[in-house]
Student: 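Before we start, here is the structure in question, set down as structure tokens.
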Amino acid sequence: MSDAGRWCLPDPARKAHWIAMNSNSYGDGSTRGFDKVPPDSYQPDPALAEYPPPQAPQQVGPLGDGHAGPGQPYGQLGPYGSPAYPPPMPVSTSALPEVPRVYQQILRGPHYRWWKPLLCLVLVLPLALIMMGLAIVPVLVAGLLSGAPDLVEYTVRTTSDIANLGPIGFIYLNLTLIVLIPASGLSIWIAHGIRPGYLASVAGGIRWRWLLRCVAVILPLWAVYTLLGVLVTPFTSPRPDHWVTLLVIVLLLTPLQAAGEEYFFRGWIMQNVGAWFARPMVGLVVSLAVSAAAFSTAHMSPDPWVLGTIACLAVASGLAAWWTGGLEAGITMHAVNNMLTLSVVVIFGGWSQAFVRSDTTGTPVMLLLAVVVNGSALALILWQAKRVGLQRYYQPPARPISPTSVPPAPAYPLGHYPAP
């Protein structure tokens with residue numbers, strides 16, 4: 001029988017090894033020599049005299065296993081090259097959620113605190129007012145270039161006479177709403193530590209292919225809606241002067257104006273109000289109610305039919321943001337509505353009636369049309385989102401897997417003993 005493996009045995013096991021090596025062969029009915037007793041004069045093999053090699057004393061850690069202690073820091077290799085303890089996991093500093101979240105709860109990350117939406121409100125108001133103040137610069141420049149004798153009177157008249165709004169006043173009106181985009185994004189970035197891209201969608205920015213798909217789906221429906229609206233409540237005022245200039249402004253700035261309103265009234269309000277509630281559906285209902293009420297009130301019409309019509313767009317856009325995980329559908333509905341309506345009144349007349357004012361009135365038929373069209377647009381949007389498999393949840397990035405320590409192998413390889 002081979003004596004292989006004897007070299008690896010420490011001194012306490014040599015006696016058992018000597019017995020195994022001196023036993024009889026298989027199959028002869030004997031006891032294989034296990035009844036023998038090694039001679040009292042048994043001496044260790046001289047070749048093994050230096051086994052095991054001398055080792056430096058190891059400092060035992062707090063658990064008494066010898067794997068960690070003052071002399072063996074984290075991550076140092078233990079037996080057979082395995083780390084005695086896994087290195088510590090990296091600590092995430094991102095304010096974004098660590099689990100999937102719907103759009104209106106994307107601010108509920110590891111750093112969220114109940115008072116941060118209030119801080120965000122304190123920030124967004126002065127930011128918006130400062131930026132709206134800067135929007136007056138084009139009006140002042142136009143007044144200086146035109147040689148207006150009273151610059152203050154020119155500025156007030158140009159910006160406040162909604163019934164006779166000219167190109168300069170129309171640019172100012174658009175800019176005061178466009179600045180809601182940076183004001184909303186900056187306030188969330190400062191208060192919550194989440195970059196402005198996540199105000200647009202759960203993907204961290206505008207999903208342009210999805211936005212274009214929304215335009216293709218909604219545009220035909222809204223064209224019919226605009227035509228029916230003109231037939232129900234026909235405009236009576238004539239086509240405005242400088243209508244070509246106004247039409248160019250509609251095409252260039254109205255999409256951004258609609259986006260500004262969606263960023264604040266849907267994005268900013270839904271995310272900050274929705275973050276207050278741990279249950280997503282409760283946050284959705286409350287944030288939708290606040291968004292619709294704020295959006296309708298901002299148009300300054302006390303007429304219930306007008307308020308209801310405006311609220312229909314607010315609710316449809318908010319539900320679309322929740323279901324699709326972003327503002328693209330709401331921006332499309334809002335922008336297409338405004339662009340078609342303003343283009344019609346610029347070209348065919350009714351410019352002085354195009355904007356909602358305190359004396360604007362509506363009809364039940366107008367509200368019914370708004371319910372049907374906004375509901376139909378929402379159904380088409382949800383159908384398309386499901387069809388393309390649109391990402392509606394924020395998905396946190398994959399976290400690194402912590403290496404685990406490998407259990408140490410047996411100190412003495414038992415496989416070297418002969419099989420019975």
Side-chain angles (χ1 to χ4, degrees), residues 162-163 165 167 169-171 173-174 177-178 206 208 210-240 242-263 265-266 295-296 298-299 301 305-306 308-318 320 327-357 360-363 365-381 384:
I162 301 298
L165 203 62
F170 189 39
I171 291 175
L173 180 62
N174 280 281
L177 297 173
I178 292 172
I206 292 289
W208 292 104
W210 168 241
L211 186 144
L212 293 177
R213 180 181 284 265
C214 292
V215 172
V217 170
I218 290 175
L219 186 58
L221 176 65
W222 231 276
V224 176
Y225 174 49
T226 303
L227 178 61
L228 291 176
V230 172
L231 294 177
V232 171
T233 55
F235 298 112
T236 58
S237 58
R239 186 170 66 183
H242 312 293
W243 66 273
V244 175
T245 305
L246 291 173
L247 185 60
V248 172
I249 298 172
V250 168
L251 298 178
L252 294 179
L253 295 185
T254 298
L256 295 175
Q257 166 262 316
E261 293 188 59
E262 290 299 314
Y263 264 78
F265 289 104
R266 245 65 67 198
F295 187 60
S296 301
H299 286 77
S301 174
W305 307 116
V306 174
T309 302
I310 296 172
C312 284
L313 177 61
V315 172
S317 299
L327 299 176
E328 297 92 347
I331 291 173
T332 301
M333 287 190 285
H334 200 152
V336 169
N337 175 75
N338 289 6
M339 290 181 68
L340 287 178
T341 302
L342 293 175
S343 298
V344 167
V345 299
V346 164
I347 296 173
F348 300 105
W351 178 250
S352 62
Q353 301 169 261
F355 302 96
V356 178
R357 304 189 301 269
T360 303
T361 58
T363 62
V365 176
M366 185 174 67
L367 175 59
L368 179 61
L369 280 175
V371 171
V372 172
V373 173
N374 283 282
S376 301
L378 179 62
L380 290 173
I381 289 296
Q384 286 295 313

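What you see is a predicted model; the values in this text were computed from it and never measured.
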Student: Identify the heavy atoms of Ala370 and Thr309 that sit nearest to each other, and give their distance.
Tutor: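 It is CB-CG2, 3.7 Å.
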Student: At what distance, to the nearest 0.5 angstrom, does CE of Met333 lie from CG of Leu327?
Tutor: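 Spacing of CE (Met333) from CG (Leu327) equals 10.5 Å.
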Student: Decide yes or no on side chain to side chain contact (heavy atoms under 4.5 Å, CB included) for Ser317 and Glu262, but give the supporting numbers first.
Tutor: CA-CA 8 Å; Ser317 299; Glu262 290 299 314; 3.5 Å; yes
Student: Do Thr361 and Trp305 come within less than 4.5 Å of each other through their side chains, counting heavy atoms only?
Tutor: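 Sidechains of Trp305 and Thr361: no contact.
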Student: Hey, does the side chain of Trp351 reach the backbone of Leu165 with a donor-acceptor pair shorter than 3.5 angstrom?
Tutor: yes
Student: Could you check if a side-chain atom of Phe170 sits within less than 4.5 angstrom of a side-chain atom of Phe355, using non-hydrogen atoms only?
Tutor: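 They are in side-chain contact.
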Student: Verify whether the ring centers belonging to Phe295 and His334 lie closer than 6.0 Å.
Tutor: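 Yes, ring centres under 6.0 Å apart.
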Student: When rounded to the nearest 0.5 angstrom, what distance separates CG in Asn374 from CD1 in Ile381?
Tutor: 11.5 Å
Student: Tell me, do Leu227 and Trp222 make a side-chain contact under 4.5 Å, heavy atoms counted?
Tutor: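 The answer is no; the side chains never approach within 4.5 Å.
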Student: Please examine the side chains of Val306 and Met366, heavy atoms only from C-beta on, and report whether any two atoms are closer than 4.5 Å.
Tutor: yes
Student: Mark yes or no for whether Thr360, through its side chain, and Arg357, through its backbone, hold a donor-acceptor pair below 3.5 Å.
Tutor: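 Looks like yes, one N/O pair under 3.5 Å.
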Student: Which pair of non-hydrogen atoms, one from Val356 and one from His299, has the smallest distance, and what is that distance?
Tutor: CG1-O, 3.5 Å
Student: Going by side chain to side chain contact (heavy atoms under 4.5 Å, CB included), Val248 matches just one of Leu252, Thr245, Val250. Which one?
Tutor: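 It is Leu252; the other options fail the test.
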Student: Can you tell me how far apart CG (Leu313) and CD (Glu261) are? Round to the nearest 0.5 Å.
Tutor: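 Leu313 CG to Glu261 CD: 9.0 Å, rounded to 0.5 Å.
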Student: If you round to the nearest 0.5 Å, how far is CG of Leu256 from CD1 of Ile178?
Tutor: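 Nearest 0.5 Å value for the CD1-CG distance: 4.5 Å.
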Student: Indicate yes or no: at least one non-hydrogen side-chain atom of Ile331 is less than 4.5 angstrom from one of Tyr263.
Tutor: yes
Student: Can you name the nearest heavy-atom pair linking Leu246 to Pro240, along with the distance?
Tutor: CD1-CG, 3.8 Å
Student: To the closest 0.5 Å, what do you measure between OG1 (Thr254) and CG (Asn174)?
Tutor: 5.0 Å
Student: Check the pair Leu251, Met339 against side chain to side chain contact (heavy atoms under 4.5 Å, CB included), reporting the backbone distance first and the verdict last.
Tutor: CA-CA 7 Å; Leu251 298 178; Met339 290 181 68; 3.9 Å; yes
Student: Between Ser343 and Leu247, which heavy-atom pair has the shortest distance, and what is it?
Tutor: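 What the structure gives for the nearest pair is OG-CD1, 3.9 Å.
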Student: OG1 of Thr332 to CG of Leu211: how many Å apart, nearest 0.5 Å?
Tutor: 4.0 Å
Student: Mind running side chain to side chain contact (heavy atoms under 4.5 Å, CB included) on Tyr225 and Asn337 for me, showing each step along the way?
Tutor: CA-CA 9 Å; Tyr225 174 49; Asn337 175 75; 3.9 Å; yes
Student: Identify the heavy atoms of Leu342 and Ala354 that sit nearest to each other, and give their distance.
Tutor: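 For Leu342 and Ala354, the tightest heavy-atom pair comes out as CD2-CB, 3.8 Å.
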Student: With side chains defined as the heavy atoms from C-beta onward, is the minimum distance between Val224 and Pro220 less than 4.5 Å?
Tutor: no
Student: Within 45° of the axis and under 6.0 Å from the centre of the six-membered ring of Trp210, does NZ or CZ of Arg213 qualify?
Tutor: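 So Arg213 doesn't make the cation-pi contact.
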